[in-house]
Amino acid sequence: MNNFLLLPIIIPFFFGMILMFGQKNLQYQRSFALFGVGISLTSAIFLLFKVKIDGIQKVTFGDWPVPFGITMVSDMVSALLVTTTLLITFFIVWYGFGLITKERERFFYYPGIMFILTGVNGAFTTGDIFNLFVFFEVLLMSSYLLIVLGGEKEQFKGSIKYILINVISSALFVITVALLYSVVGTLNMADIAVKIGEINQPGIITVIAVMFLLVFGLKAAIFPLYFWLPTSYAAAPIPVLALFGALLTKVGIYAITRTYTLFFVHDLSYTHDLLMGLAILTIIAGCIGALAYFDVKLIIIYNIVIAVGVILFGVSQMNEVALKGAMFYLIHDMLIKAALFMLIGIVIYITGTSDLRKMGGLIKKYPALGWFYLIAAFSLAGIPPLSGFVGKLLIVQGGFEAENMWSSIFILASSLLVLLSVIRIFLYAFWGEVKETTEVVDKKVYTNLFVPTVLLVLVAVVYGVGTEWVTPFMDDAANLLNDPSIYIDAVMKGD
């Protein structure tokens with residue numbers, strides 16, 4: 001039994017509990033939050049290399065035999081996502097010291113982050129479909145706290161929609177799990193795959209697959225279920241927005257990827273063609289939104305929607321090249337979205353507005369900020385050799401292998417629209433005439449915001465430039481997604 005894989009879940013939970021105390025002591029809150037995330041990240045890195053060397057790790061609570069006990073599984077997909085989650089959160093927590101208000105910090109801001117990490121890492125690691133629901137609820141309850149923290153009118157308006165959508169989604173999740181259990185008689189995901197393989201996915205299982213796509217699609221914000229995302233996310237404070245934008249929709253993407261590559265694999269002409277069609281529509285909707293607005297937050301938020309479509313298009317191709325591209329692009333998007341939200345947070349702090357039309361000339365006073373933003377923008381658009389290039393190239397190559405030529409060309413062409421949307425921010429905010437602002441920029445606060453942001457941008461650059469270092473991990477992840485028997489055999493065999 002290998003309990004080590006539980007550390008990235010248990011450590012944030014433990015620190016979340018101890019941070020519930022001493023709310024008035026900001027030094028205690030900040031130090032322990034950063035320390036807790038740092039320890040969790042260290043354990044996740046060790047786990048990542050253990051999975052690489054020794055293969056898939058699992059633990060079943062109570063020493064029950066699989067599939068009767070609750071099983072936690074760390075494979076390469078899970079380990080990569082957990083490590084990336086904690087790395088991003090480390091920089092966001094550090095960044096928040098300069099931007100989140102003291103009133104918010106003293107009202108369970110840091111416990112909220114720790115419990116979100118518990119839910120996100122648990123969702124990535126669980127091998128049980130019902131416990132996937134449980135961990136979803138853990139991260140959602142924490143996100144409810146963070147999205148209303150501060151009590152501003154816009155936050156309440158955005159949070160009502162966010163909470164209602166997720167309550168409906170959670171109810172539908174339970175119903176769908178119950179239907180699946182009534183057909184296959186198990187909740188262990190590896191065992192579900194075995195049972196569905198034995199009955200060769202009859203029509204009822206295809207219906208359940210579509211219901212799961214609806215449930216996870218609401219959480220991942222695919223077309224037409226993305227309508228709640230822009231207003232809900234835009235209302236949150238920038239550090240919270242960066243955390244949500246980098247992590248929350250990715251849990252939905254992971255859930256679709258896991259279910260649609262592990263056990264809903266016997267009716268590809270229906271389920272995966274439907275997923276591909278929705279992915280393309282998601283990209284179109286995201287591009288329209290990203291080009292329509294002059295609010296910097298909304299532009300980047302709609303780019304979340306675009307990325308969701310690109311990743312799920314890769315998943316829908318169901319070949320190893322496209323799945324490898326989807327994994328590359330998923331990690332890239334988590335890193336670069338967090339960095340972009342942190343960058344625009346600095347711009348909003350300097351200018352006092354999120355309206356592009358009220359900005360201008362920042363490059364003259366803040367040249368480093370401008371050029372790092374441009375690097376992040378090019379990375380998002382997939383300009384070689386930055387991090388978005390390899391993932392999108394592999395996804396398109398996988399689309400060609402699956403004989404989806406025109407849709408693959410569309411995926412490639414969408415990069416131009418992504419580039420246009422983020423270059424608008426550079427041209428409006430950093431170029432042109434300097435516009436007067438009423439905001440007083442504290443150099444100490446600016447430095448505290450700038451340093452973690454730059455470091456995260458550099459991590460994203462290294463991820464792109466150093467692709468050959470990351471490729472062995474991505475190969476393992478893609479091989480696992482493409483061949484469900486690897487996961488099934490690792491989980492179902494005795495310890």
Side-chain angles (χ1 to χ4, degrees), residues 4 6-47 82-122 135 137-152 155 159 236-248 338-339 341-342 345-346 349 441-456 459:
F4 189 74
L6 300 176
L7 289 181
I9 305 167
I10 293 172
I11 294 171
F13 182 71
F14 171 76
F15 275 90
M17 288 191 295
I18 66 171
L19 287 168
M20 296 283 282
F21 304 96
Q23 286 298 307
K24 303 300 179 185
N25 188 335
L26 285 185
Q27 190 60 43
Y28 163 77
Q29 290 287 314
R30 292 176 175 183
S31 301
F32 271 82
L34 204 59
F35 182 59
V37 178
I39 294 177
S40 303
L41 175 59
T42 304
S43 69
I45 292 169
F46 276 110
L47 177 60
V82 167
T83 304
T84 308
T85 294
L86 290 163
L87 177 65
I88 289 166
T89 307
F90 182 85
F91 289 112
I92 291 174
V93 170
W94 180 5
Y95 173 89
F97 296 163
L99 203 58
I100 204 79
T101 62
K102 289 184 171 62
E103 290 74 18
R104 287 187 171 108
E105 285 186 285
R106 291 192 175 105
F107 200 80
F108 304 105
Y109 168 70
Y110 294 110
I113 289 176
M114 290 299 172
F115 291 133
I116 275 190
L117 286 178
T118 302
V120 170
N121 290 343
F135 283 116
E137 293 308 297
V138 172
L139 73 90
L140 285 173
M141 284 188 288
S142 306
S143 69
Y144 298 155
L145 164 69
L146 293 179
I147 204 168
V148 299
L149 205 57
E152 296 174 6
Q155 287 182 270
S159 66
I238 288 292
V240 175
L241 173 56
L243 191 70
F244 284 14
L247 302 184
L248 296 197
F341 280 121
M342 291 160 73
I346 300 174
Y349 170 70
V441 178
D442 183 322
K443 287 187 177 180
K444 185 178 179 183
V445 172
Y446 175 80
T447 302
N448 198 84
L449 296 175
F450 186 70
V451 172
T453 303
V454 166
L455 289 175
L456 185 55
V459 169

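All values below come from the heavy atoms of this structure, side chains included, with hydrogens, waters and symmetry mates left out. One is the number of the first residue; the rest follow in order along the sequence. What you see is a predicted model; the values in this text were computed from it and never measured.
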Review point. How far apart are the C-alpha atoms of L41 and T83, what are their side-chain angles, what is the distance that settles it, and do they pass the side-chain contact (heavy atoms from CB on, under 4.5 Å) test?
Key: CA-CA 6 Å; L41 175 59; T83 304; 4.2 Å; yes
Review point. What distance separates Y349 OH from F450 CZ, expressed to the nearest 0.5 Å?
Key: 14.5 Å
Review point. Hey, is OH on Y446 packed in by over 12 heavy atoms from elsewhere, all under 6.0 Å?
Key: yes
Study note, to complete from the structure: All heavy atoms of T118 vs all of I9, minimum pair found to be OG1-O, 3.8 Å
Check your understanding: Any side-chain hydrogen bond (donor to acceptor under 3.5 Å, both in side chains) pairs touching residues 15-27, not counting sequence neighbours?
Key -> Q27-S31
Review point. Tell me, do I11 and S43 make a side-chain contact under 4.5 Å, heavy atoms counted?
Key: yes
Exercise for review: Say whether, by atom type as modelled, one donor and one acceptor occur between the side chain of N121 and the main chain of P8 under 3.5 angstrom.
Suggested key: yes
Point to revise | Verdict with reasoning, F15 to F35, per side-chain contact (heavy atoms from CB on, under 4.5 Å) | key: CA-CA 9 Å; F15 275 90; F35 182 59; 3.7 Å; yes
**Study point:** Contact summary for I100 and P237, nearest pair of heavy atoms
**Key:** CD1-CB, 3.9 Å
**Study point:** Interatomic distance, L248 atom CG to I116 atom CD1 [nearest 0.5 angstrom]
**Key:** 5.5 Å
Exercise for review: Side-chain contact test, heavy atoms from C-beta onward, threshold under 4.5 Å: evaluate it for Y109 versus V240 and give yes or no.
Suggested key: yes
Exercise for review: Could you tell me which non-hydrogen atom of P111 sits nearest to which non-hydrogen atom of Q29, and how far apart they are?
Suggested key: CD-OE1, 4.0 Å
Contacts under 3.5 angstrom, residues 88-96 side chains, donor-acceptor by atom type, not counting sequence neighbours:
| residue | atom | partner | partner atom | Å |
| --- | --- | --- | --- | --- |
| T89 | OG1 | T85 | O | 2.7 |
| Y95 | OH | M342 | O | 2.7 |

Practice item. Would you sort out whether L47 and V82 count as a side-chain contact (heavy atoms from CB on, under 4.5 Å), showing the intermediate values? Key: CA-CA 10 Å; L47 177 60; V82 167; 5.6 Å; no
Point to revise | Minimum-distance pair of heavy atoms, taken over all atoms of Y28 and G22 | key: CD2-O, 3.7 Å
Check your understanding: Just how far is it from atom CG of L26 to atom CZ of R106, taken to the nearest 0.5 Å?
Key -> 4.0 Å
Point to revise | Distance flag, aromatic centroids of F115 and F13, threshold under 6.0 Å | key: yes
Check your understanding: Considering only heavy atoms from C-beta outward, does the side chain of F4 approach that of F46 to under 4.5 Å?
Key -> yes
Review point. How about V37 and L117: do any of their side-chain heavy atoms sit closer than 4.5 Å?
Key: yes
Practice item. Check L99 against G345 and note the closest heavy-atom contact, atom names and distance. Key: CD2-O, 4.3 Å
Practice item. Check the pair V120 / F135 against side-chain contact (heavy atoms from CB on, under 4.5 Å), numbers first and verdict last. Key: CA-CA 7 Å; V120 170; F135 283 116; over 6 Å; no
Review point. Do L243 and F341 come within less than 4.5 Å of each other through their side chains, counting heavy atoms only?
Key: no
Check your understanding: Nearest heavy-atom pair of F108 and L145: which atoms, and what distance?
Key -> O-CD2, 3.3 Å
Check your understanding: If you measure from CG on L146 to CG on L241, what distance do you get to the nearest 0.5 Å?
Key -> 12.0 Å
